[in-house]
Amino acid sequence: MQWQQQTCLLTGATGGIGQAIAKALANKGVSLILQGRSESRLQQLSDSLTGEHKILVADITTIQGREKICRMAELNAISMLINNAGVGQFSLLEETEEAVIVDTLEINLLAPILLIQELLPLLQKADQQQPAPSYVINVGSAFGSIGFAGQSIYCASKFGLRGFTEALYRELADTNVHISYFAPRATATSINSDQAMAMNKALGNSVDSPESVANALIQQLEKGHARLFVGFPEKLFVKINGAFPHIVDKALFKKLPIIKRFLRREKDVEQTAQEVLS
Ligand SMILES: NC(=O)c1ccc[n+]([C@@H]2O[C@H](COP(=O)([O-])OP(=O)(O)OC[C@H]3O[C@@H](n4cnc5c(N)ncnc54)[C@H](OP(=O)(O)O)[C@@H]3O)[C@@H](O)[C@H]2O)c1
């Protein structure tokens, strides 16, 4: 990987994992276009990084937002796109508002698909006779391979993103565009509510630092792996769930009472917050 020749558009740059990826790439000499929705947080991030970078305020779920991103990508001739922006969900399906379902699927699945489609001609460098390689990394999740109670919509979005990435990886195999799927496990960022973090602790789930996740992404890019699942035993569970899902069913059924306890607490917290606001 010739890091210093790369110009990377990073979505969700202001988030926990996004900031760590931005720092790791900037330290490698990559020029960044940092996308998010808060100008002040983007500027603060940009100022903290090594090198010169650009910021881009845009909502990836709107046509206008994606047009803005594409204009900036063209102007700067990006060679790398990291679809990292995302939202979480921690609720029983029957208690999940329709707007949350739609937003989760739009942000985590539909927006990355549309962004890639719009940016493909640029990434393929169709105007060049011998185009240099370009890279697309879709940030999925261990829950893009393992269905988990209380996160059905999040799982649907990340399973979808994994399937899309795999199909496109095979579709683009004879082009200069390398597309890959990067799947962290639980990571200490604000995407996880306090109750979700407490549940992880109660279940004995490991939680990674955003910095170690960013390092894993750098390794994936350096080694050119089409897919990477971060952390053991999660990467083993992904394999077992693919081959023998009934084994994982049984293990997760045993954990269901604990998961539901934290889902009930999450609901109580949300209700209290709504009462305070009304
Ligand atoms: N943390 C984990 O446990 C974990 C585990 C596995 C996978 N992941 C995945 O890792 C990625 C990063 O997550 P994170 O943990 O860093 O979450 P985070 O700290 O909550 O950051 C999420 C980022 O996405 C951006 N975003 C959300 N909606 C957006 C929209 N409509 N348009 C543009 N940007 C939007 C946010 O921008 P604003 O600041 O403007 O809201 C923020 O920069 C996600 O795809 C997530 O699914 C996370």
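The model shown is predicted, which means the values in this text are computed figures rather than measured ones. Throughout, residue positions are numbered sequentially from 1 according to the sequence presented. Counting starts at 1 for both ligands and their atoms, following the listed order.
Ligand 1 has a nitrogen or oxygen under 3.5 angstrom from a nitrogen or oxygen of Gly15. On a distance-only criterion, Gly16 and ligand 1 share at least one N/O pair closer than 3.5 Å. Polar contact with ligand 1: absent for Ala142 (N/O pair, distance under 3.5 Å). For ligand 1, the polar-atom distance check against Ser141 finds no nitrogen or oxygen pair separated by under 3.5 Å. Close N/O approach between Val87 and ligand 1 is not found [any backbone or side-chain N/O within under 3.5 Å].
Counting the atoms of ligand 1 from 1 in the order shown, those under 4.0 Å from a heavy atom of Ala85 are 24 (O), 25 (C), 26 (N), 34 (N), 35 (C), 45 (O). Near Ala186, with a cut-off below 4.0 Å to any heavy atom, the atoms of ligand 1 are 3 (O). Those atoms of ligand 1 that come under 4.0 Å of a heavy atom in Tyr154, given as number and element, are 6 (C), 7 (C), 8 (N), 9 (C), 46 (C), 47 (O). Against a heavy-atom cut-off of under 4.0 Å, Ile107 is close to the following atoms of ligand 1: 28 (N), 31 (N). Heavy-atom proximity to Gln35, at under 4.0 Å, picks out these atoms of ligand 1: 33 (C), 34 (N). Atom numbering of ligand 1 starts at 1 in the shown order; those under 4.0 Å from a heavy atom of Asn192 are 1 (N), 2 (C), 3 (O).
Among all non-hydrogen protein atoms, the one lying nearest atom 1 (N) of ligand 1 is Thr189 OG1, 3.1 Å. Among protein heavy atoms, the minimum distance from atom 6 (C) of ligand 1 is reached at Pro184 O, 3.4 Å. In terms of protein heavy atoms, atom 32 (N) of ligand 1 is closest to Ile60 N, 3.1 Å. Looking at atom 2 (C) of ligand 1, its nearest protein heavy atom turns out to be Thr187 N, 3.5 Å. For atom 38 (P) of ligand 1, the nearest protein heavy atom (residue, atom name, distance) is Arg37 NH2, 3.6 Å. Closest protein heavy atom to atom 44 (C) of ligand 1: Asn84 O, 3.1 Å.
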Thr61/Asp103 under side-chain contact (heavy atoms from CB on, under 4.5 Å): CA gap, chis, key distance, verdict: CA-CA 8 Å; Thr61 60; Asp103 284 355; over 6 Å; no
Assess the residue pair Glu166 and Arg170 against the criterion (salt bridge (charged side-chain N to carboxylate O under 4.0 Å, His left out)); give the C-alpha distance rounded to whole Å, side-chain angles, the decisive distance to 0.1 Å, and a yes or no. CA-CA 6 Å; Glu166 184 171 278; Arg170 292 168 182 172; 3.3 Å; yes
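A donor-acceptor contact closer than 3.5 angstrom is absent between the side chains of Lys125 and Asn176.
Under the 4.0 angstrom criterion for non-hydrogen atoms, Arg41 is in contact with ligand 1. Residue contact check for ligand 1: Gln19 places no non-hydrogen atom closer than 4.0 Å to it.
At a 4.0 Å heavy-atom cut-off, ligand 1 touches Ala58 through the backbone alone. At a heavy-atom distance under 4.0 Å, no atom of Phe143 approaches ligand 1. Counting heavy atoms closer than 4.0 Å to ligand 1, residue Arg185 contributes backbone atoms (N, CA, C, O) but none from C-beta onward. Heavy atoms from both the backbone and the side chain of Thr14 come within less than 4.0 Å of ligand 1.
Between the Arg185 side chain and the Phe232 main chain, a donor and an acceptor come within less than 3.5 Å of each other. Of the possible donor and acceptor atoms, one in the side chain of Asn108 sits under 3.5 Å from a partner among the backbone N and O of Val87. Between the side chain of Gln35 and the main chain of Gly12, a donor-acceptor pair closer than 3.5 Å is present. Looking at Thr187, its side chain never comes within 3.5 Å of a backbone N or O of Thr189 through a donor-acceptor pair.
You'll find the side chain of Leu115 stays beyond 4.5 Å of the side chain of Leu9, heavy atoms only. Side-chain contact between Lys68 and Gln64 is absent, with no heavy atoms from C-beta onward closer than 4.5 Å.
Selection from Ser157, Gly140, Pro210 by nearest heavy atom to atom 7 (C) of ligand 1 gives Gly140. When Gly86, Gly12, Ser38 are ranked by how near their heavy atoms come to atom 22 (C) of ligand 1, first place goes to Gly86. Among Val230, Val139, Ile191, Thr104, the residue whose heavy atom lies nearest to atom 17 (O) of ligand 1 is Ile191.
Other residues, nucleotides and ligands contribute over 12 non-hydrogen atoms within 6.0 Å of the CD atom of Glu118.
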Going by atom type alone, with no hydrogens or angles, which donor-acceptor pairs under 3.5 Å involve a side-chain atom of residues 18-28 and a protein atom two or more places apart or on another chain?
| residue | atom | partner | partner atom | Å |
| --- | --- | --- | --- | --- |
| Gln19 | NE2 | Thr14 | O | 2.8 |
| Asn27 | OD1 | Thr50 | OG1 | 3.1 |
| Asn27 | ND2 | Lys23 | O | 3.4 |
| Lys28 | NZ | Glu222 | OE2 | 3.3 |

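For the atom pair CG of Leu92 and CZ of Arg264, the computed distance is 9.0 Å after rounding to the nearest 0.5 Å.
In terms of heavy atoms, Leu252 sits closest to Phe148 at CD2-CE1, 3.9 Å.
Clustering of Ile, Leu, Val, Met, Phe, Trp and Tyr by side-chain heavy atoms under 4.5 Å joins Leu93 with Ile101, Leu105, Ile153.
Between Phe143 and Tyr154, the ring-plane angle classifies as perpendicular under the 30° and 60° cut-offs.
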